[in-house]
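For reference, the structure is listed below as structure tokens.
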Amino acid sequence: GRKMDASLMVGAYPALASRWLAPRMHRFVETHGTTPIEVVAIGPDLDFSGDRIDIAILRGSGSWANARSTLLFPEELVVVASPKMIPVGVKPDILDFQRYPTLQNASRPSLWLTWLRVSGQPYSGAIQGIRFANSDMLVAGACNGLGLAVVPAHYVEQELSSGVLHAPFGRSVPSGEAYWVVHPEAKAQRSALGMFRDWLVQEGRRHRGRSSDK
């Protein structure tokens, strides 16, 4: 079999890998099917110097030590609900936190406050509800009608288009953060890395074009 160290090691947050990268990978495979790739889960504190990762998708401000970064897309946040909790077509004027439980993301505890500030949505009561460790769990909770969730919009494309979730409080708003394709300076010469980076940037552009139609 092929040597594992011949693969391009791609680092991504688990939810980003399963919800944004995986649904698009078929386009890379169709054009570069022979490139061996391994997608590995990373956390926000990735250190390229001690890691085998060749290229990563990271959220942040765009500057990482000894690495080159290219903008993928700005992050947008949306509040999603199951139709079991708020029927489709109902848009409450005030978000009443006493009436609707809210799911929280323990890895990003400020998302509700960010969304409330940027969206200007009137609300009352205190945010209360189940805390989940990460976005994947959070989306599953929202799909099962456990509460409202604030999530990066690119994590729920499939659920929104299938109607499993909807956005009762309107369209997504910018979080102020962005996703970047980042790779260590030392690995810039690898041809597989260049191909994958260019493909990712193209997917990011396609994603931004679609987001602006909403």
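Here, residue 1 is the first one in the sequence, and each next residue gets the next number.
Taking all atoms of both residues into account, the shortest heavy-atom contact from Arg208 to Pro74 is CD-CD, 3.6 Å. Contact detail for Glu75 and Pro152: the closest heavy-atom pair is OE2-CG, 3.4 Å. In plain terms, the two heavy atoms of Val78 and Gly170 that are nearest each other are CG2-O, 3.9 Å. Ser107 and Pro109 make their closest contact through C-CD, 3.6 Å (heavy atoms, listed as atom of the first residue, atom of the second, distance). Minimum interatomic distance between Leu160 and His166 (heavy atoms only, all atoms of both residues): CD2-CA, 3.7 Å. Of all the heavy atoms in Val79 and Pro168, the pair that sits closest is O-CD, 3.8 Å.
Residues meeting the ring pair (Phe, Tyr, Trp, His ring centres under 6.0 Å) test with Phe97, sequence neighbours left out: Trp112, Tyr123. Residues passing the side chain to side chain contact (heavy atoms under 4.5 Å, CB included) test with Leu46 are Ile42, Phe48, Asp51, Ile53, Ala56, Leu58, sequence neighbours excluded. For Asp54, the salt bridge (charged side-chain N to carboxylate O under 4.0 Å, His left out) test picks out Lys187, Arg190, with sequence neighbours left out. With sequence neighbours excluded, the residues satisfying ring pair (Phe, Tyr, Trp, His ring centres under 6.0 Å) with Phe196 are Phe28, Trp199. With sequence neighbours left out, the side chain to side chain donor-acceptor pair (under 3.5 Å) criterion links Arg205 to no other residue. Among residues two or more places apart in sequence or in another chain, the side chain to side chain donor-acceptor pair (under 3.5 Å) test is passed with Thr35 by none. Qualifying ring pair (Phe, Tyr, Trp, His ring centres under 6.0 Å) partners for Tyr179, counting only residues two or more places apart in sequence or in other chains: Phe73, His154. Annotation: salt bridge (charged side-chain N to carboxylate O under 4.0 Å, His left out) contacts of Arg19 (sequence neighbours excluded): Asp136, Glu159.
Counting only residues at least two apart or in different chains, side chain to side chain donor-acceptor pair (under 3.5 Å) contacts with residues 82-95 are absent. For residues 77-96, there are no ring pair (Phe, Tyr, Trp, His ring centres under 6.0 Å) pairs, not counting sequence neighbours. Residues in residues 59-74 take part in these side chain to side chain donor-acceptor pair (under 3.5 Å) pairs, two or more places apart or across chains: Arg68-Glu185.
We find that Arg108 and Glu177 are joined by a salt bridge, their nearest charged nitrogen and carboxylate oxygen being less than 4.0 Å apart. Salt bridge absent: Arg197 and Glu203 never bring a charged side-chain N and a carboxylate O closer than 4.0 Å.
Note: Ser135 OG to Tyr13 OH = 10.5 Å, rounded to the nearest 0.5 Å. A distance of 9.0 Å separates CD1 in Ile37 from OG in Ser7, rounded to the nearest 0.5 Å. With values rounded to the nearest 0.5 angstrom, Ile86 atom CD1 is found 5.0 Å from Leu148 atom CG. The structure places CG of Leu21 at 6.5 Å from CG of Leu16, a figure rounded to the nearest 0.5 Å. Once rounded to the nearest 0.5 Å, the distance linking CG of Leu77 with OG of Ser119 reads 9.5 Å. Considering CD of Gln128 and OG1 of Thr102, their distance stands at 6.5 Å, rounded to 0.5 Å.
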*Let me see the working for Leu165 and Cys143 under side-chain contact (heavy atoms from CB on, under 4.5 Å), right down to the final yes or no.*
CA-CA 6 Å; Leu165 292 172; Cys143 290; 3.9 Å; yes
_Full working for side-chain contact (heavy atoms from CB on, under 4.5 Å) between Val150 and Leu103_ = CA-CA 8 Å; Val150 177; Leu103 307 180; over 6 Å; no
*Apply side-chain contact (heavy atoms from CB on, under 4.5 Å) to the pair Val139 and Val80, showing each step before the final yes or no.*
CA-CA 9 Å; Val139 172; Val80 290; over 6 Å; no
*asked:* Before you tell me yes or no, could you show the steps for Trp180 and Ile57 under side-chain contact (heavy atoms from CB on, under 4.5 Å), namely the whole-Å CA-CA distance, both residues' side-chain angles and the distance that decides it to 0.1 Å?
replied: CA-CA 6 Å; Trp180 302 79; Ile57 303 173; over 6 Å; no
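Contact check for Met25 versus Glu30: no side-chain heavy atoms found under the 4.5 Å cut-off. Side-chain atoms of His207 and Gln202, non-hydrogen and from C-beta on, never get closer than 4.5 Å to each other. Contact check for Leu8 versus Glu38: no side-chain heavy atoms found under the 4.5 Å cut-off.
Looking at Asn144, its side chain never comes within 3.5 Å of a backbone N or O of Leu146 through a donor-acceptor pair. Within the 3.5 Å criterion, the main-chain N or O of Val201 finds no donor-acceptor partner in the side chain of Asp198. The main-chain N or O of Ala126 is found under 3.5 Å from a side-chain atom of Gln98 such that the two form a donor-acceptor pair.
When the side chains of ILVMFWY residues are joined at heavy-atom separations under 4.5 Å, either directly or via intervening members, Ile127 and Val118 end up in a single hydrophobic cluster. A single hydrophobic cluster is seen to contain both Leu111 and Leu116, as judged by linkage of ILVMFWY side chains at heavy-atom distances under 4.5 Å, directly or through other members. One hydrophobic cluster, built from ILVMFWY side chains closer than 4.5 Å, holds both Val181 and Leu193. Cluster annotation: Leu95 is not connected to Ile130 through the hydrophobic network of ILVMFWY side chains, with a link wherever side-chain heavy atoms come within less than 4.5 Å. Under a hydrophobic-cluster definition in which Ile, Leu, Val, Met, Phe, Trp and Tyr are linked whenever side-chain heavy atoms come within less than 4.5 Å, directly or via other members, Leu113 and Phe132 are assigned to different clusters.
Annotation: Arg27, atom CZ; neighbour count of heavy atoms from other residues, nucleotides and ligands within 6.0 Å is above 12.
Other cluster members for Ile94: none, since no ILVMFWY side-chain heavy atom sits under 4.5 Å from it.
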